[in-house]
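Read through the structure below, which is laid out as structure tokens, and then see the notes.
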Amino acid sequence: MPLDVYDKIMMLAKRRGFIYPSFEIYGGSAGFYDYGPLGSRLKQNIENLWRNYYLLQDNCVEINTPTITLYEVLKASGHVDEFTDITVDCKKCKQSYKVEEIIEKNISIEDAFNNDKVKCPTCSKNLKDPYPVNLMFSTKIGIEQSRDAFLRPETAQGIFTNFHLLYRYGREKLPFGVIQVGKGYRNEVSPRQGIIRLREFSMAEAEIFFDPKDKTHPNFEIVKDEKLYLFDNEKEMKISLEKSVKTGEINNQALAYYMYLTQKFLMSAGVDPKKFRFRKHASDELAHYAQECWDAELYSERFGWIECVGIADRSAYDLSSHINSSKTDMYAMRKYDKPKIMKVKKIVPKMGVLGPLFKDKAGKIQTILENMKVNDIKKIYVKINDETLEIPKDCYNVVEFEEKQIGEKFIPHVIEPSYGIDRILYCILEHNYDEIKKKGEEYRILKLNAHISPIKVGVLPLVSDSRLIKIAREIDKNLRDAGIATYYDEGGTIGRRYARMDEIGTPFCITIDHDSIENNSVTIRDRDTTKQERKKIENIIKFIRDKISK
RNA sequence: GCGGAUAUGAUCUAGGGGUUAUGAUAGUGGCUUCCCAAGCCACUUGCUCGGGUUCAAAUCCCGGUAUCCGCACCA
């Protein structure tokens with residue numbers, strides 16, 4: 001079988017220090033890859049470009065939270081339950097099934113399997129021995145009295161669990177966004193496809209909190225005429241943000257805006273526009289927390305369309321779960337223009353009567369009564385420890401108070417753009433990989449965008465003449481002092497050195513030749529055109545800076 | 001997790017029960033002083049791991065691991 005792009009990229013990636021299989025000397029482990037020297041830089045550049053969009057353009061704030069996450073957090077978020085599938089294998093035809101999909105409803109799993117009520121949908125053999133599959137890595141915190149924990153399957157929960165503090169930090173204004181860039185972990189059943197499906201992966205997530213009554217975005221006006229590449233599972237279309245929201249294709253402005261931001265980021269990172277689209281999730285593929293979700297998909301010649309970004313409307317799901325589980329006040333306040341004076345009826349218990357009547361339960365009854373919402377009261381029942389008690393009328397007064405309300409409390413909704421950095425990185429490599437023939441030989445060029453590429457400038461003395469080397473070394477140092485990543489190379493022939501730089505995606509090569517000694521000038525070679533321009537040495541830094549800025 | 005295929009220097013690959021394992025690429029040092037992988041010399045790096053069969057295993061057999069393909073999984 002001839003090598004396809006994937007093979008070629010993985011070969012190049014290993015040879016040139018982008019990506020290595022992890023623990024290879026001990027046989028390796030599926031789903032884990034290391035980033036080598038160039039890969040690490042490339043990844044950092046992609047992450048920092050991403051930060052640019054969210055921290056600067058969208059004015060989000062960044063936080064960092066632990067990758068080890070307490071059981072309670074993921075229980076509340078639904079991951080403990082939703083992330084576990086009860087699975088069963090057929091010993092005859094070797095198929096695996098999710099139990100909930102093949103057993104009759106209203107039957108418990110124990111009953112079904114103990115009484116041979118489950119048959120294999122393929123070969124009708126009785127199925128046995130269901131087992132739970134949880135896709136989170138579990139661990140324990142502490143030695144003796146340990147607490148259960150998991151490696152986080154997403155970075156988002158770290159943001160939700162800090163919502164009340166971050167809301168205050170943002171001076172209680174909505175919308176506001178929080179981002180986190182870091183590792184996530186999923187114990188995949190059978191990871192494959194290189195860095196497309198990892199067990200430990202890098203993600204960049206943003207949680208932008210909105211008033212559910214107002215999912216407009218302040219920047220929407222500016223970009224509303226820009227076009228999005230949408231795919232509705234049938235046909236692809238190019239449609240403006242404004243129109244897509246108007247027709248209901250996209251549920252709200254905020255969602256559309258972050259889709260646009262995503263599209264812009266990916267293009268800037270070097271994604272081929274022809275290999276990009278947004279695909280809407282069908283209702284049966286939505287995650288347990290999502291109301292509407294659009295995936296940014298990138299096309300790979302090997303794998304087809306790959307989900308690289310998910311932009312979900314998670315509504316109030318997470319915050320309300322954490323409010324319920326932790327009893328923390330994570331509400332936001334929608335302020336009225338003028339404070340409202342509300343007439344509120346409240347129950348004022350008469351403890352003098354209640355006390356003797358209910359004795360030790362009186363205290364609890366008091367709290368319940370005081371917090372009760374009051375409309376028209378006829379009889380009041382209170383439930384304490386499964387016992388329902390009727391509270392006689394002479395135990396309380398209903399009093400009307402005037403209450404000043406400055407606004408109403410609500411749970412913010414959240415729009416979540418979530419990016420798989422490793423997948424994006426792979427697709428960028430694939431989309432920018434180019435191969436030409438030079439003198440009958442394969443010649444590889446990685447046409448990475450200048451602001452993404454790990455090395456910006458190759459510094460090459462044409463020949464190893466000590467005068468040229470001296471100038472070259474000085475230029476190299478000055479560039480690095482100016483914060484520009486360089487690669488100094490005086491070995492081998494000049495053509496070979498250009499080839500090396502082309503293969504790792506270095507956009508520019510500065511060559512110091514004999515004229516450099518005479519007139520303080522060098523040539524700057526452009527990777528994609530191979531054209532050379534002669535520049536004064538003192539102008540190099542500015543020239544390169546202009547070229548590599550976004 | 002199931003089934004199939006594969007596994008030889010950093011990369012690609014030839015071969016194969018018996019002395020020192022083939023070639024190329026890459027890399028290093030030197031010569032060349034050279035603008036797109038030029039040439040010459042020298043050098044560096046290897047049979048996936050464990051067990052078995054055998055006088056002898058990189059080669060045959062079994063198992064593990066990894067990779068690829070198909071099925072299932074991918075909130």
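Below, all heavy atoms of this structure are taken into account, side chains as well, without hydrogens, waters or symmetry copies. Chain letters run A, B, ... following the sequence lines, proteins first, then strands; residues in each count from 1.
Nucleotides of RNA chain B nearest to A/Arg423 and A/Gly31 differ in position, and the one nearer the 5' end is that of A/Gly31. If you find the closest nucleotide of RNA chain B to A/Arg197 and to A/Gln193, the one lying nearer the 5' end belongs to A/Gln193.
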Sugar-phosphate means primed atoms, P, OP1 and OP2; the rest is base. With that split, encode nucleotides 23-32 of chain B 5' to 3' as B, S or - using protein heavy atoms under 4.0 Å.
---SS-----
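Across the protein-nucleic acid pair, A/Arg302 atom CZ and B/rU67 atom C1' stand 10 Å apart, rounded to whole Å. When the P atom of B/rC35 is taken as reference, atom CG of A/Leu468 falls 12 Å away, rounded to whole Å. Distance, A/Asp502 CG to B/rA37 P: 10 Å, rounded to whole Å. Taking atom CD on A/Glu435 and atom P on B/rA37, their separation rounds to 15 Å, with Å as the unit. If you take CG of A/Asp528 and P of B/rC36, they are 18 Å apart, rounded to a whole angstrom. For the pair A/Ile25 CD1 and B/rA7 C1', the interatomic distance rounds to 18 Å; values are reported in whole Å. Rounded to an integer number of Å, the gap from A/Ile19 CD1 to B/rU67 P is 14 Å.
Residue contacts shown for A/Pro191 are absent, as no nucleic acid heavy atom lies under 4.0 Å away. Note on A/Asp513: a base of the nucleic acid sits closer than 4.0 angstrom, heavy atoms only. When heavy atoms are screened at a 4.0 angstrom cut-off, A/Leu460 is found touching no nucleic acid atom at all. Within 4.0 Å (heavy atoms only), A/Leu462 reaches at least one base atom of the nucleic acid. Among the atoms of the strands shown, base atoms are found under 4.0 Å from some heavy atom of A/Tyr443. Here A/Gly194 lies in heavy-atom contact (under 4.0 Å) with sugar-phosphate atoms only.
The pair A/Asp81-A/Lys75 meets the salt-bridge criterion, with a side-chain N (NZ, NE, NH1 or NH2) lying under 4.0 Å from an Asp/Glu carboxylate O. Note on A/Arg525 versus A/Asp502: salt bridge recorded, some NZ/NE/NH1/NH2 to OD/OE distance being below 4.0 Å. Using a 4.0 Å cut-off between a side-chain N of Lys or Arg and a carboxylate O of Asp or Glu, A/Glu205 and A/Arg152 do not qualify as a salt bridge. Taking a cutoff of 4.0 Å between a charged side-chain nitrogen and a carboxylate oxygen, A/Lys14 and A/Glu24 qualify as a salt bridge. With respect to the salt-bridge test (charged N to carboxylate O, under 4.0 angstrom), the residues A/Lys215 and A/Asp313 qualify.
Nucleotides B/rU59 and B/rU54 place their C1' atoms 13 Å apart, quoted to the nearest Å. When the P atom is used for both B/rG29 and B/rC69, the distance is 39 Å, rounded to whole Å. Rounded to whole Å, the separation between the P atoms of B/rU53 and B/rG46 comes to 29 Å. With P as the reference atom, B/rA38 and B/rU28 are 13 Å apart, rounded to whole Å. The separation of B/rG1 from B/rA37, taken at their C1' atoms, amounts to 46 Å, rounded to a whole angstrom. Across the C1' atoms, B/rU25 and B/rG18 are found 31 Å apart, a figure rounded to whole Å. Taking atom C1' in both B/rG16 and B/rA58, the straight-line distance is 8 Å, to the nearest Å. Rounded to whole Å, the P atom of B/rG63 lies 32 Å from the corresponding atom of B/rU22.
Considering only residues two or more places apart in sequence or on other chains, A/Asp515 meets the side-chain hydrogen bond (donor to acceptor under 3.5 Å, both in side chains) condition with none of them. Shown here are the ring pair (Phe, Tyr, Trp, His ring centres under 6.0 Å) partners of A/His431, two or more places apart in sequence or in another chain: there are none. By the salt bridge (Lys or Arg N to Asp or Glu O under 4.0 Å) test, A/Glu503 pairs with A/Arg15, A/Arg16, A/Arg444, sequence neighbours left out.
Taking 3.5 Å as the limit, the base of B/rA72 and the side chain of A/Ser190 contain a donor-acceptor pair of atoms between them. The base of B/rC35 has none of its N or O atoms less than 3.5 Å from a complementary donor or acceptor on the side chain of A/Arg497. Side-chain N/O atoms of A/Tyr498 and base N/O atoms of B/rC35 include a donor-acceptor pair closer than 3.5 Å. Interface remark: the A/Gln532 side chain does form a donor-acceptor pair with the B/rC35 base, using a distance-only criterion of under 3.5 Å.
Within the structure, a side-chain polar atom (N or O) of A/Thr493 is placed less than 4.0 Å from OP1 or OP2 of B/rA38. A close approach under 4.0 Å does not occur between any side-chain nitrogen or oxygen of A/Arg192 and OP1 or OP2 of B/rA66.
Taking CD1 of A/Ile196 as the reference point, atom CZ of A/Phe303 lies at 5.5 Å (rounded to 0.5 Å).
Side chain of A/Tyr6, nearest nucleotide from B/rC35, B/rG1, B/rC68: B/rC68. Comparing B/rC74, B/rC36, B/rA10 against the side chain of A/Lys14 picks out B/rA10 as the nearest. Distance from the side chain of A/Val463 is smallest for B/rC34 among the nucleotides B/rU11, B/rC35, B/rC34.
Between the side chains of A/His281 and A/Asp295, a donor-acceptor pair is found at a separation under 3.5 Å. When only modelled atom types and interatomic distance are considered, A/Asp513 and A/Ser516 share a side-chain donor-acceptor pair under 3.5 Å.
Listed by first residue number, the stems of RNA chain B with at least three Watson-Crick or G-U pairs below 3.5 Å are B:1-7 with B:65-71, B:10-12 with B:23-25, B:26-31 with B:39-44, B:48-52 with B:60-64.
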Using side chain to side chain donor-acceptor pair (under 3.5 Å), reason through A/Tyr35 and A/Asp422 one step at a time and then give a plain yes or no.
CA-CA 10 Å; A/Tyr35 284 99; A/Asp422 313 276; 2.6 Å; yes
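With a 6.0 Å cutoff to the six-membered ring centre and a 45° limit on the axis angle, A/Arg279 does not count as a cation-pi contact of A/Trp305.
Using cut-offs of 30° and 60° on the angle between ring planes, the pair A/Phe137 and A/Tyr185 is perpendicular.
The ring of A/Phe276 has its center closer than 6.0 angstrom to the ring center of A/Phe278.
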Between N or O atoms, less than 3.5 Å apart, protein on one side and nucleotides 50-52 of chain B on the other: list the pairs.
none

